[in-house]
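Heads up, the thing below is written out as structure tokens.
Atoms considered below: every heavy atom in the structure, side chains included; atoms not considered: hydrogens, waters and symmetry mates. Each ligand, and each atom within it, is numbered from 1 in the order the structure gives. If you're wondering where the values come from, they're calculated on a predicted model, not measured in any experiment.
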Amino acid sequence: MKAQCRNQLNVLFLPYPTPGHMIPMVDTARLFAKHGASATIIATQANALTFQKVIEDDFSCGYDIRTQVIPFPADQVGLPDGVENIKDSTTPEMLGQISHGISMLKDQIELLFHDLQPDCIVTDFCYPWTVESATKLGIPRLFFYSSSYFSNCVSHSIRKHRPHENLVSDTHKFIIPGLPQRIEMTPPQVAEWERTKNETTGYFDAMFESETKSYGALYNSFHELESDYEQLHQSLLGIKSWTIGPVSSWVNKDDEQKANRGHKEDLEEEPQWLNWLNSKQNESVLYVCFGSLVWLPHAQLVELAHGLEHSGHSFIWVIRKKDENENEDSFLQEFEKRMKENKKGFIIWNWAPQLLILDHPAIGGMVTHCGWNSILESVSAGLPMITWPIFAEQSYNEKLVVDVLKIGVSVGVNENTFWMSLGDEAMVRREDIVKVVMLLMGSSQEGKEMRKRARKLSDAAKRTIEEGGHSYNNLTQLIYDLKSLKISKALTEAG
Ligand code: UDP
């Protein structure tokens, strides 16, 4: 255990156990430690294993960082050992059990907050109850929002004005009220928790209410990317926010760190995908990935396979298997074999070292489900995108990429659907896929301009985390502010 000096800032981080939330929060905790704070990450055993190595490496480099492991109540919620992450769920029932297990951790976590006496807690947006915990302890709570400013501003606007209600049909567009740009949307593109009231509605209400009761917000974004919405967020919520991204390129500098992020298996010495990419021309390969949760219905996989093949462009496609039997899917097996033979496509099953792949010079674009981390990683690598949102705020992020930043082209998904409720049918046809792949990867003027804009943003993403850059300054200012709070609290207590 490292000795903590009196004025050192002691921060507890509580990530929500799903890769899209946990990966950037762990990176944020590492950033705090690299800037002199003492950082402790609270996680259950199986989740801690996915990032433990990098924390130990940081610790052995002299940074004051550690993981505090707590047991997951697997028995009590009827789950096998080790199933503790949202991405482990294959049915809605399992998702319910995992979420219930997570909610049962509250008492243990509050006890830890009390025992570890932090100066501040940084907790995921999905833990609204931590506002009260912080109040009881007299310390600030910062909520970590794992998506864009843009998406949260859209959420607030839609919650307040409900522009999607009372339209004559689902194909009618409405303008999202109160945004600095004219952004249109149709009712089925609105996040499912706003469209239909169900058992999760109360949970979302509590999350949104807890925002304004927090000391402030942390965003894994950067000023140059969405400054209008950073500003709008401030006026909508009336609380401070600190924009400190992109955190993943800030802390994951070498290949080993990039490869092991959020995944416990080590990278092979000479991965086949790397040899395959090395044989390709610069910017000639499309990377296709739907994040850590989504699996597509079989009919959609078939359409996507045909679309990619007919486009004539090379691709790396990460396919998430719902269960192991999918290996026996003869269509995909034959497709994989054919792509291997003609060297047009490479399939990675389940999990790919995304950061590493996106940085490879042979990659020229990405098909993304518009998860915020994937968008940021694509932007950081200077890659334009084909947007294919599935659920939650992903359809809002698509608008940012396509309509505001103009660094992507939409594949044309019209409906926001919870990923476990995707029907058996394909939402997107092969001919539409061919069209957008050719636009993005071919020599069209539109594609070239998107690429140019994406490169410019990538340069900005690199500068913002360097000394003197916006994100760099925001992080140092935040640590300074939190330290000042700590000191004034100590002075008040000393009387
Ligand atoms: N990711 C990865 N390999 C995969 C799938 C996902 O490294 O095969 C990472 C990806 O780089 C990103 C995170 O998992 O950092 C997914 O977050 P995102 O917000 O893009 O989507 P979500 O999984 O939350 O839907």
Side-chain angles (χ1 to χ4, degrees), residues 15-28 30 47 50-51 54 85-89 95 124-126 144-148 150-152 191-192 219-221 245-252 255-267 271 273 287-296 315-322 346-360 363 366-381 383 385-398 400-401 408 413 416-420 422 461:
Y16 196 77
T18 184
H21 292 221
M22 207 164 73
I23 292 174
M25 200 194 268
V26 168
D27 284 342
T28 302
R30 296 175 58 210
N47 287 308
T50 65
F51 58 80
V54 84
N85 191 293
I86 298 295
K87 91 168 180 2
D88 301 329
S89 48
L95 180 64
D124 194 286
F125 171 73
C126 296
F144 185 88
Y145 194 77
S146 47
S147 193
S148 56
F150 179 87
S151 71
N152 204 11
E192 59 272 32
Y219 273 76
N220 180 22
S221 182
V247 293
S248 76
S249 39
W250 198 344
V251 285
N252 297 295
D255 283 0
E256 199 190 335
Q257 288 174 336
K258 284 181 191 168
N260 285 337
R261 206 186 46 132
H263 200 57
K264 54 180 183 290
E265 278 95 49
D266 285 338
L267 181 70
W273 61 263
Y287 174 75
V288 185
C289 183
F290 289 82
S292 63
L293 301 175
V294 170
W295 55 81
L296 295 176
F315 61 88
I316 285 198
W317 179 12
V318 189
I319 307 181
R320 207 169 121 67
K321 279 188 281 185
K322 190 172 172 185
F346 192 98
I347 292 178
I348 297 180
W349 295 99
N350 286 327
W351 187 266
Q354 182 161 305
L355 269 194
L356 216 50
I357 294 179
L358 292 179
D359 270 355
H360 195 285
I363 299 291
M366 175 170 185
V367 175
T368 177
H369 71 308
C370 299
W372 181 239
N373 297 286
S374 294
I375 290 175
L376 262 186
E377 289 159 16
S378 188
V379 165
S380 300
L383 299 170
M385 286 159 258
I386 289 170
T387 56
W388 185 322
I390 308 283
F391 73 105
E393 87 300 354
Q394 293 160 7
S395 49
Y396 307 168
N397 286 338
E398 173 182 58
L400 175 68
V401 170
V413 176
N416 185 319
T417 315
F418 185 54
W419 90 95
M420 284 198 180
L422 288 169

Identify the protein heavy atom lying closest to atom 21 (O) of ligand 1, giving its residue, its atom name and the separation to 0.1 Å. H369 NE2, 3.0 Å
Heavy-atom contacts with I23 under 4.0 Å: which atoms of ligand 1 show up? List them by number with element. 14 (O)
Ligand 1 atoms nearer than 4.0 angstrom to some heavy atom of W372 are 19 (O)
Indicate yes or no: at least one non-hydrogen side-chain atom of S248 is less than 4.5 angstrom from one of L355. yes
Do me a favour and list the nearest non-hydrogen protein atom to atom 3 (N) of ligand 1 with residue, atom name and distance? A352 O, 2.6 Å
Centres of the F391 and W419 rings: under 6.0 Å? yes
Closest to atom 23 (O) of ligand 1 among protein heavy atoms sits S292 OG, 2.5 Å
Kindly indicate whether the side chain of D359, heavy atoms from C-beta on, has any atom under 4.5 Å from the side chain of D255. no
Min side-chain heavy-atom separation P15-D124 under 4.5 Å: no
With a 4.0 Å cut-off on heavy atoms, does L355 reach ligand 1? no
Below 4.5 Å, heavy atoms only, C-beta onward: do N373 and I23 meet side chain to side chain? no
Just let me know how W351 lines up against ligand 1, side chain, backbone, both or neither, with a heavy-atom cut-off below 4.0 Å. both
For ligand 1, is there an N or O atom under 3.5 Å from any N or O atom of V318? no
Could you check whether the rings of H21 and Y16 sit parallel, tilted or perpendicular, using 30° and 60° as the cut-offs? tilted
Does R320 come within less than 4.0 angstrom of ligand 1, counting non-hydrogen atoms of the residue? no
Among all the protein's non-hydrogen atoms, which is closest to atom 19 (O) of ligand 1, and how far away is it? N373 ND2, 2.8 Å
Intermediate values then yes/no, side chain to side chain contact (heavy atoms under 4.5 Å, CB included), I357 and F346: CA-CA 12 Å; I357 294 179; F346 192 98; over 6 Å; no
May I ask you to identify the nearest protein heavy atom to atom 11 (O) of ligand 1, giving residue, atom name and distance to one decimal place in Å? E377 OE1, 2.5 Å
Non-hydrogen side-chain atoms of V247 and L376 separated by less than 4.5 Å: no
What is the nearest protein non-hydrogen atom to atom 20 (O) of ligand 1, stated with its residue, atom name and distance? S374 OG, 2.5 Å
Decide yes or no for M25 and S146: does some side-chain heavy atom of the first lie under 4.5 Å from some side-chain heavy atom of the second? no
Among all protein non-hydrogen atoms, which one is nearest to atom 24 (O) of ligand 1, and what is the separation to 0.1 Å? G20 CA, 3.4 Å
